[in-house]
2 protein chains.
Amino acid sequence: MGENLPGDAVENGKKSPRTPKHWELKERLAELLRAVSPGGSLPGERALASEFGVSRTTVRKALAELTAEGRLTRVHGSGTFAGEGKLTQRLQLSSYTEDMRSHGRRPTSSLLDARIGAADPELAALLGIRSGDDVLRLRRLRRADGEPMAIETSRLPLPRFPGLDRYVGDGSLYGVLYQHYGVELGHAEETIETALATPAEAALLGNEAGALMLLLSRHSFDTDGHPVEWVRSVYRGDRYKFVATLVSPQSSDDSVHARLER
Amino acid sequence: MGENLPGDAVENGKKSPRTPKHWELKERLAELLRAVSPGGSLPGERALASEFGVSRTTVRKALAELTAEGRLTRVHGSGTFAGEGKLTQRLQLSSYTEDMRSHGRRPTSSLLDARIGAADPELAALLGIRSGDDVLRLRRLRRADGEPMAIETSRLPLPRFPGLDRYVGDGSLYGVLYQHYGVELGHAEETIETALATPAEAALLGNEAGALMLLLSRHSFDTDGHPVEWVRSVYRGDRYKFVATLVSPQSSDDSVHARLER
DNA sequence: GGACTTGAGTGGTTTAGACCATTGCGATTA
DNA sequence: TAATCGCAATGGTCTAAACCACTCAAGTCC
């Protein structure tokens, strides 16, 4: 369609619709992929390279993008398979466990390690303790139907929850906080951004190093407004999607439509 | 074709510390990068390759990841430069314009095109109209301090907003809806996931094809609960970060800590 | 039967080199 | 002076080839 781009970069009398080979190949593979049901296998890289008359490097670049988009799953030594789409996670102060169950998934969670260390100044400020105070660091691996989905690293202020390290396990952390300390969560501040998997994360997630990830940071407070935890979670970008329900800041006065202006 | 589901293998115990060269190089480059102020330049690919004794391909792979993380900016024909960190956008029913202003940024928005087309069944359902009804499609390019940040594609039901296509421009769409139709936004459902830039999007954003993107889909309703728009936005993953404030579903009864269980 | 070995096939990493496209600047020219 | 040209440097794409690491099943051995 005619796209008139006002003052944009369309000078150069010779505008080449430069389309890299690997991109064109990607679209042809996507086409080919539509005929494959989830879990089905694709030809090997070498076969694709000779079939489409390109080098294996180019095939790999196209496959890499399809993989990053979650449309392919690749298993070293085994093959390339059609992906299975994304799960969604509600952006609210609710339970991973419940969210997954409501999607008909079987959620599990395992504690990777629990360590006590000293808070640096930044972390101390976040947790409302003094620099150098003890902090409990928990790392959990979350799965859905047995498939690794996310790595969650929580940090909690031990001075506020003495003995907490003796209570934690594979079960509910929030349950422990409630039963032993009477603490309930009130609100949290959460940020979402993109990231790439580190080799260690990739190994745990059955993912590839450098894979697309969604990085969530959550700063939770109890019902009295005191900080409870600082959490950093990495979710597989090829399998996850977050959902939020947004509500208009106020009912109706003059300022509303100004605040909603776009 | 494969019958079994791949990718469920999770090893434990023996883990060869296999560290690819490009990853090790990436960390060394990150170190080198700390000594460079934002906007400063790095040596060329060929220079780095010979300096670190690796091939240019390996250098490019390391640089590609750093770029995807927003820590580098690369300009074809010019060089490689240190990045400038991410902006944040509040996840609420507020204005892009106001958000940017509150961060001291100068936001601008330009209308790329406005077209009228027929709704397919799915879109019609989302917008509360009949399949085949007219839909106004708006594409906007959003910038901060002149730098392209996002492409936003909105779709609105024309039967509900007759003549809307004559009112829209570079200005506030929500303002137009309020002034001409008395419509204010009530709530919206928003999903966030990762995506890769298409060549067209990349060209508009001054980005690279295949770059990391945050894909936002928003379904907005007015204060009466009627659908107003369906928006699909792609934000630069290397420059953007989203923030949400989460509130505990309800005050206090027995079910609360159960719902908060993790 | 059960445990082990082996090897073919797969994806993963790395190399060296060629060529293309864009940029920016210095030298040249009108 | 001002515009243009040329060219070197930069990043982008692509190839061909080698080797590594992992998987899986067929074959072998006890």
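A note on names: the letters A, B, ... follow the listed sequences, proteins ahead of strands, and every chain is numbered from 1.
Following rounding to the nearest Å, A:E24 (CD) and D:dT13 (P) show an atom-to-atom distance of 14 Å. The separation between A:W23 atom CH2 and D:dT13 atom P is 11 Å, rounded to whole Å. In this structure, B:L48 atom CG and C:dT15 atom C1' are separated by 17 Å, rounded to whole Å.
In terms of the side-chain hydrogen bond (donor to acceptor under 3.5 Å, both in side chains) criterion, residue partners of B:R56 (sequence neighbours excluded) are, by chain and number, B:E45. Checked against ring pair (Phe, Tyr, Trp, His ring centres under 6.0 Å), A:Y240 has the following partners two or more places apart in sequence or in another chain: A:Y235, A:F242. Evaluation of the side-chain hydrogen bond (donor to acceptor under 3.5 Å, both in side chains) rule for A:R34 yields A:E31 as partners, not counting sequence neighbours. Contacts of A:S55 classified as side-chain hydrogen bond (donor to acceptor under 3.5 Å, both in side chains), with partners at least two apart in sequence or in another chain: A:T58. Qualifying side-chain hydrogen bond (donor to acceptor under 3.5 Å, both in side chains) partners for B:E189, counting only residues two or more places apart in sequence or in other chains: A:R90, A:T245.
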**Complete:** 5' to 3', nucleotides 7-12 of chain D under a 4.0 Å protein heavy-atom cut-off (B base, S sugar-phosphate only, - none) gives --BBBB
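Side-chain contact annotation: A:R142 with A:S109, donor-acceptor N/O pair under 3.5 Å present.
Contact annotation: A:T58 side-chain N/O to D:dT15 OP1/OP2 distance is under 4.0 Å.
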